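Below, chain A is the first sequence line, B the second, and so on; all start at residue 1. Because the structure is predicted, anything quoted here is derived from the model rather than measured.
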Amino acid sequence: MVYIIAILLLLIAIFLEGSITSLPFVFVILLCLSIVTRGRRVFPIAFASGLLLDLLTLHPLGASSMFFLIVLLLVQQYQRKYEIYSYPFVMVSAFLGSLLYLWLFGYNAVFLQSLLSVFIAGIVFTVFRYIPHGMVKLKTV
Amino acid sequence: MLPIVGILFGVSFLLFLLAQTSMFSNVTGLFQLATLPLQKTTYSLFHADAPASDAQKLQTEVNALRAQLAKQKELEKDIQALRDQFDTSNSPARNLLPASVVGMTTFLPGVSPAHEIVIDRGTSEGVKKGAVVVSRDNIVGNVVKTAAHASVVRLITHEDSSFTAKTVKNSVPGVIKGNGGERLVLDNVVLSDTLEKGDSVVTKGDVSIDGAGFPPDLVVGQIVSVTKKKSALFQTADVKSYVNFSRLEMVFVIVK
């Protein structure tokens, strides 16, 4: 269920990022999905989302996909040692990931947009937490 | 997990390398044809013009008339030069390719100033990197990225944008630079020249031998303030474009 909702949100986010805003909605949604589900299915979704996003924003094809895959892999590797299913982790990773993404792709107002991404990540994470995702019950923080 | 990620990363990297060549242009072009209508609809939804008040309508009309006046003054100068020299100079004909704006990614739509736009014309329609984009004889920017059916246009307000320009009244030369906001700066004007508030600014023309660059006599905007310090090397002027970049929906690409 969470994957269906995430894909719908991603499609909307891709068109928003390609048309009217440079806020990294796609990255934030993928990050929250990865943290909530901790599954491997997020990677093909990230790959496809990155390709579609590059087509709309005219970034080099594959660039966004590579970025998303690397960051999500790092996030999931991090969970082996630390608890990532928490708001502080979501916000810090959203901020740092957005900062890097916006800087790499040459956007303006990088710091401000990253701060706003933290707020968006908090909302998306809250939404995803309460959607059934058929995984092992996770302790909430 | 690692094998899956490795495979997907490898495919992404391969696509990235192949995209640097023109091998994928046809395939990406097909995808763009499918997504452009949706992209344009999304853009239109968030950039729909609110019913303009009488004051706004008058301001739009005034801006259009000012741009026409600046253009007319330049034409009068050209006519006078031709009369004086009996020269039948052949300025290259400009082919204008209409293009719709399908994207304008800003920090906060409608609040933050735009610096780049995406149009629905690309290499398959004859658009090349460096092509100049205009709106009713007003310069909008130039193409910085191209794909099969879409292009990214850097607006003249972008902080990396600069080109030579001159004032209409006294033909004072200078360099127009974007400042990353909504205004432009006419810089590198010597102190001995006279800049007047309210004067219009047009492009001076710096077209290279292969046709790249900004053509002459495209309207840039109007001088709103002049900064002249005797201790400085140059004087500067703030220039406001007649174009409302945040409301752009249709532009024209100058193609050869």
Side-chain angles (χ1 to χ4, degrees), chain A residues 11-25 34 38-48 50-74 76-77 79-80 102 105-117, chain B residues 1-20 24-25 27-32 34-36 38-47 101-110 112-116 118 122 144-147 149-152 158-160 180:
Chain A
L11 284 172
I12 295 169
I14 286 167
F15 279 97
L16 286 178
E17 261 192 72
S19 306
I20 63 157
T21 183
S22 55
L23 285 167
F25 286 114
S34 174
R38 300 190 198 184
R40 291 178 295 182
R41 277 185 272 183
V42 69
F43 293 107
I45 295 173
F47 171 74
L51 288 185
L52 192 52
L53 188 62
D54 287 339
L55 280 173
L56 293 185
T57 55
L58 296 178
H59 290 151
L61 191 66
S64 294
S65 297
M66 285 194 289
F67 179 85
F68 293 153
L69 288 169
I70 290 172
V71 171
L72 295 182
L73 180 67
L74 287 173
Q76 298 227 1
Q77 292 297 314
Q79 70 160 346
R80 292 183 179 193
L102 293 165
F105 288 95
Y107 287 108
N108 294 331
V110 171
F111 188 74
L112 281 173
Q113 293 195 69
S114 302
L115 282 179
L116 198 54
S117 301
Chain B
M1 191 190 306
L2 279 174
I4 295 173
V5 176
I7 291 167
L8 291 171
F9 186 85
V11 173
S12 301
F13 187 66
L14 188 63
L15 288 171
F16 178 80
L17 290 176
L18 290 173
Q20 308 306 312
F24 268 172
S25 59
V27 177
T28 55
L30 284 172
F31 277 107
Q32 278 165 356
T35 56
L36 275 171
L38 284 168
Q39 204 175 354
K40 191 178 173 185
T41 306
T42 312
Y43 175 78
S44 301
L45 279 172
F46 288 89
H47 284 81
V101 178
V102 296
M104 186 184 296
T105 53
T106 59
F107 172 23
L108 291 172
S112 310
H115 301 299
E116 286 184 347
V118 180
V144 292
K145 282 186 211 172
T146 54
H149 295 288
S151 302
V152 174
H158 195 285
E159 56 192 11
D160 292 337

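The greatest number of non-hydrogen atom pairs below 4.5 Å with chain B, out of A/Leu72, A/Ile14, A/Leu102, A/Ile70, is found for A/Ile70.
Not one N or O on the side chain of B/Gln39 forms a donor-acceptor pair closer than 3.5 Å with the backbone of B/Gly103. Side-chain N or O atoms of B/His158 include none that pairs as donor or acceptor with a backbone N or O of B/Glu116 at under 3.5 Å.
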Output side-chain donor-acceptor pairs under 3.5 Å for residues 6-16 of chain B, partner residues at least two apart or in another chain, one line each.
from, atom 1, to, atom 2, distance (Å)
B/Ser12, OG, B/Leu8, O, 2.9

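Of the atoms belonging to A/Phe47, it is side-chain heavy atoms, and not backbone ones, that fall under 4.5 Å from chain B. At a 4.5 Å heavy-atom cutoff, the contact between B/Ser151 and chain A is made by backbone atoms alone. Contacts of A/Ser64 with chain B are absent, with no heavy-atom separation under 4.5 Å from either backbone or side chain. Only the side chain of A/Ala109 comes within less than 4.5 Å of a heavy atom of chain B; its backbone N, CA, C and O stay farther away. Using a 4.5 Å cut-off between heavy atoms, A/Leu73 contacts chain B through its side chain alone, with no backbone atom that close. For chain A, the nearby part of B/Val118 is the side chain; its heavy atoms alone come within less than 4.5 Å.
Contact annotation: the side chain of B/Val5 never approaches that of A/Gln76 to less than 4.5 Å [non-hydrogen atoms, C-beta and beyond].
In this model, no donor atom of one side chain and acceptor atom of the other lie less than 3.5 Å apart for A/Thr57 and A/Glu17.
Under the side chain to side chain donor-acceptor pair (under 3.5 Å) criterion, A/Ser65 pairs with no residue, sequence neighbours left out.
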